[in-house]
Asker: 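Sending over a structure as structure tokens; questions will come in a sec.
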Amino acid sequence: MITLPPELRTVVITCLRASDIVHLQQTCKDFNSLIEGSAEIWKACLKNQCHNEGLFWSTYNGLSTALEYKNACIGIWRFKEFCQNGDDMADLAKARYLPVKAYGDLAEEGDAKEYGMVEPVFDKHFKKNPHPGISSTYLVPGGRFLVTVDRTWLLLWDLGPPGGQVKKPVVLSSHKFHCSSSITMLDVYIVDEHDALRIILQEYDFEEIPPYISENQGQGLPLGGSRFCVFHRFEISLPESGEYTIKPLGRLCVARTDIDDIFAAQSENQVALEISPGNVLLWNLNTLQPDGAFSFWESPECSSFYMQQGYLFIITGKGVQATNLSQFSWSPVKNGLVDLETLSPEKPSITYTFTHPVELPGRADYVILPRSIPSTGVVKYDIRADQYHTSAHRICQFSFDFHLEEPSTSALHSLGTPHYGSRPTRAVHRFECAQGGWGYAWTSTTSDTRAVTVTLHEASGVTHSEACQDLEAIVKYPENPTILLEDVNVCPFSGRIVFLWDRRLVRDMMLEIVDYL
């Protein structure tokens with residue numbers, strides 16, 4: 001028998017996946033004795049998992065014992081076991097709510113669990129909403145930190161370490177808006193070190209010049225058919241040191257005539273905004289200009305897009321089109337405002353085209369991209385295809401790995417079609433699981449239950465189109481069938497899900513935090 005020194009044993013063990021370690025513990029008594037009580041080994045294993053799965057290491061600030069680190073390591077497999085062992089996980093749900101919000105201001109005191117019911121509306125009962133007005137949410141990978149947006153506040157919350165004692169959420173950092181209209185989150189970019197987020201917010205259309213633009217700066221603008229929208233970019237820092245901050249990075253006002261929804265994507269210092277169908281505004285903040293620079297251009301047929309490695313990647317039903325961003329000319333943003341009515345979009349050339357290896361079983365309806373795109377590496381996405389001459393649809397998953405040094409070797413693969421039951425459902429959210437797996441949160445499209453279902457998928461390979469292996473479980477029901485699921489964030493590593501419910505009859509959004517582990 002070979003005996004390794006302790007420092008070498010730690011290195012060897014932490015190169016294993018957490019699931020492998022647990023398996024060895026169950027089958028090897030000597031191995032179990034070596035590792036079970038070692039906080040050092042489980043901490044190193046957890047750090048390795050954060051690196052491989054893109055989780056924020058600051059999620060686990062405050063952990064100290066071997067049991068705490070171990071539970072954090074194996075959270076994803078415990079969550080999978082729950083999904084595998086039962087069709088209905090709703091009974092496991094431990095629900096919490098954000099603390100009470102006073103009208104027009106933020107109150108840091110109050111306990112949501114004390115809130116009872118409001119008067120019935122059309123014979124439907126509703127809980128009192130302790131923190132109304134939220135329009136957007138983002139659960140940071142790892143499941144501890146939550147970002148919320150309403151017309152007054154951008155807030156960073158601590159929901160408590162995964163798997164630990166359930167506590168009341170606490171505000172870590174805040175930024176107060178002075179908005180006269182609603183505001184929503186368009187996109188989230190994770191910096192390479194996984195210790196900060198960069199987010200794009202849109203302040204909704206103004207019919208008059210926004211207060212950020214002075215009357216002198218707005219003189220001469222064609223106000224006839226113009227509407228103004230404002231984009232804010234912030235950086236939220238989440239370092240291991242615990243010095244959490246929210247910092248404004250820039251603001252851009254845009255005059256336009258369209259009223260279509262706006263889509264956004266980001267890279268390190270650039271933002272792409274689909275201002276109207278077929279037209280993209282690039283905003284470059286990495287310049288000597290105080291408000292940055294912009295480029296306005298005409299995009300090809302577009303279902304969705306993302307930015308990576310200096311390229312804009314446009315996903316269509318046929319494949320992926322890559323456009324090199326260096327080909328555009330840039331103009332300075334003057335006084336924080338871009339007037340699109342005076343501009344004609346450029347027509348860029350598509351640098352590279354990559355074709356899907358399989359034909360879609362119908363017309364491409366929409367594309368589901370991850371909430372956050374890595375700066376390099378594989379991007380997995382899904383296309384919902386409406387099948388011809390029927391009301392049915394299928395979701396087809398693909399992975400694309402762009403090789404910057406040698407683009408011709410880039411790989412676009414089909415990952416098959418997940419099975420998600422026969423109930424009428426729609427996918428609301430896509431999330432990553434361990435070791436290349438992924439999952440969806442679905443909501444029923446019928447008014448009988450409005451159940452929210454989670455499915456977990458693991459492909460047996462990356463170059464085939466065979467059916468995926470699936471787990472499926474109902475995780476939550478709304479208060480009553482009139483309530484719709486507006487948004488959901490799932491972190492399977494922590495077993496935590498954040499729901500945003502659209503309570504139409506009482507005209508508010510209610511946020512609910514649910515722990516399953």
Side-chain angles (χ1 to χ4, degrees), residues 135 149 151-154 175-187 189 198-236 245-299 307 312 325-348:
S135 61
V149 176
R151 66 187 305 166
T152 307
W153 293 99
L154 169 61
H175 177 89
K176 190 170 186 178
F177 298 119
H178 299 281
C179 298
S180 57
S181 62
S182 58
I183 190 166
T184 190
M185 192 183 309
L186 293 181
D187 188 68
Y189 172 80
R198 290 177 183 162
I199 65 173
I200 289 291
L201 305 178
Q202 179 190 353
E203 193 174 349
Y204 275 84
D205 293 342
F206 297 85
E207 294 185 358
E208 299 179 351
I209 297 174
Y212 311 109
I213 305 298
S214 69
E215 291 186 8
N216 290 335
Q217 293 168 346
Q219 284 183 353
L221 287 177
L223 299 180
S226 290
R227 299 177 69 88
F228 296 87
C229 51
V230 182
F231 304 96
H232 304 262
R233 198 183 198 209
F234 290 87
E235 181 172 276
I236 301 176
T245 60
I246 297 177
K247 180 176 69 175
L249 297 180
R251 180 174 60 231
L252 180 69
C253 298
V254 177
R256 64 175 188 146
T257 56
D258 296 276
I259 58 173
D260 301 280
D261 290 338
I262 293 176
F263 301 95
Q266 298 177 80
S267 61
E268 185 74 16
N269 294 300
Q270 293 182 344
V271 180
L273 300 164
E274 189 183 28
I275 298 294
S276 60
N279 290 319
V280 172
L281 179 69
L282 291 175
W283 180 25
N284 187 353
L285 289 87
N286 189 27
T287 70
L288 298 177
Q289 305 295 329
D291 295 319
F294 75 93
S295 182
F296 184 48
W297 54 283
E298 183 180 302
S299 68
M307 301 176 78
L312 185 83
L325 297 176
S326 65
Q327 67 180 284
F328 300 111
S329 58
W330 298 93
S331 302
V333 176
K334 297 180 179 178
N335 302 317
L337 174 67
V338 174
D339 179 12
L340 296 182
E341 289 194 59
T342 63
L343 302 174
S344 297
E346 298 182 46
K347 294 184 178 181

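Here the structure is a predicted model, which means the values were calculated and not measured.
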Asker: Would Tyr204 and Ile183 count as a side-chain contact (heavy atoms from CB on, under 4.5 Å) here? Give the steps.
Answerer: CA-CA 6 Å; Tyr204 275 84; Ile183 190 166; 5.7 Å; no
Asker: Side chains of residues 289-296: which donor-acceptor pairs under 3.5 Å do they make with residues two or more places apart or in other chains?
Answerer:
unit_1, atom_1, unit_2, atom_2, d
Asp291, OD2, Gly336, N, 3.0
Ser295, OG, Ser329, O, 3.1

Asker: Could you work out, with side-chain hydrogen bond (donor to acceptor under 3.5 Å, both in side chains) as the rule, every residue matching Ser326, not counting sequence neighbours?
Answerer: Asn324
Asker: If you look at every heavy atom in Ile246 and Ile236, which pair is closest and at what distance?
Answerer: CG1-CG1, 4.1 Å
Asker: Flag the pair Leu252 / Leu281 as yes when at least one side-chain heavy-atom distance between them is below 4.5 Å, and no otherwise.
Answerer: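 They are in side-chain contact.
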Asker: State, to 0.1 Å, how close Phe228 and Ala255 come at their nearest heavy-atom pair, and which atoms those are.
Answerer: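 It is CE2-CB, 3.6 Å.
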Asker: With sequence neighbours excluded, what pairs up with Arg251 under the salt bridge (charged side-chain N to carboxylate O under 4.0 Å, His left out) test?
Answerer: none
Asker: Might you point out which heavy atoms bring Ala264 and Asp187 nearest each other, and give the distance in Å?
Answerer: O-OD1, 3.6 Å
Asker: So Trp283 and Gln270, do their side chains get closer than 4.5 Å, heavy atoms only?
Answerer: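 Side chain of Gln270 against side chain of Trp283, heavy atoms only: no contact under 4.5 Å found.
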Asker: Is there side-chain contact between Leu282 and Val271, with at least one heavy-atom pair below 4.5 Å?
Answerer: no
Asker: Mind checking salt bridge (charged side-chain N to carboxylate O under 4.0 Å, His left out) for Glu235 and listing every partner two or more places apart, or none if nothing turns up?
Answerer: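 Expected list: Arg198.
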Asker: Kindly indicate whether the side chain of Ile199, heavy atoms from C-beta on, has any atom under 4.5 Å from the side chain of Tyr189.
Answerer: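 The answer is no; the side chains never approach within 4.5 Å.
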Asker: Main chain of Ile275, side chain of Arg256: is a donor-acceptor contact present, judged purely on distance under 3.5 Å?
Answerer: yes
Asker: What residues form a side-chain hydrogen bond (donor to acceptor under 3.5 Å, both in side chains) with Thr184, not counting sequence neighbours?
Answerer: Ser136
Asker: Evaluate the ring-ring contact (aromatic ring centres under 6.0 Å, His included) criterion for residues Phe328 and Trp297: first the C-alpha distance (whole Å), next the side-chain angles of each, then the deciding distance (0.1 Å), finally the verdict.
Answerer: CA-CA 8 Å; Phe328 300 111; Trp297 54 283; 4.8 Å; yes
Asker: Quick one: closest heavy-atom pair of Gln202 and Cys229, and the distance?
Answerer: NE2-CB, 4.1 Å
Asker: Tell me, please, which residues at least two apart from Ala265 pass side chain to side chain contact (heavy atoms under 4.5 Å, CB included).
Answerer: Phe305, Met307
Asker: Quick one: side-chain hydrogen bond (donor to acceptor under 3.5 Å, both in side chains) partners of Glu203, sequence neighbours excluded?
Answerer: Tyr212, His232
Asker: Are any side-chain N or O atoms of Asp339 and backbone N or O atoms of Glu341, one a donor and one an acceptor, separated by less than 3.5 Å?
Answerer: yes
Asker: Please examine the side chains of Val338 and Leu343, heavy atoms only from C-beta on, and report whether any two atoms are closer than 4.5 Å.
Answerer: yes
Asker: Just so I know, are the side chains of Leu201 and Leu186 near enough to count as touching, which here means a heavy-atom distance under 4.5 Å?
Answerer: no
Asker: Considering residues at least two apart in sequence or located in another chain, which fulfil the ring-ring contact (aromatic ring centres under 6.0 Å, His included) criterion with Phe231?
Answerer: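 So Phe231 forms no ring-ring contact (aromatic ring centres under 6.0 Å, His included) with any residue.
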Asker: Considering residues at least two apart in sequence or located in another chain, which fulfil the side chain to side chain contact (heavy atoms under 4.5 Å, CB included) criterion with Pro277?
Answerer: Asp260
Asker: Under the criterion side-chain contact (heavy atoms from CB on, under 4.5 Å), I'd like the reasoning laid out for Trp153 against Lys176: C-alpha separation, chi angles, the key distance, then a yes or no.
Answerer: CA-CA 5 Å; Trp153 293 99; Lys176 190 170 186 178; 3.7 Å; yes
Asker: Check side-chain hydrogen bond (donor to acceptor under 3.5 Å, both in side chains) between Asn279 and all other residues, then give those that pass, not counting sequence neighbours.
Answerer: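 Asn279 satisfies side-chain hydrogen bond (donor to acceptor under 3.5 Å, both in side chains) with Ser276 only.
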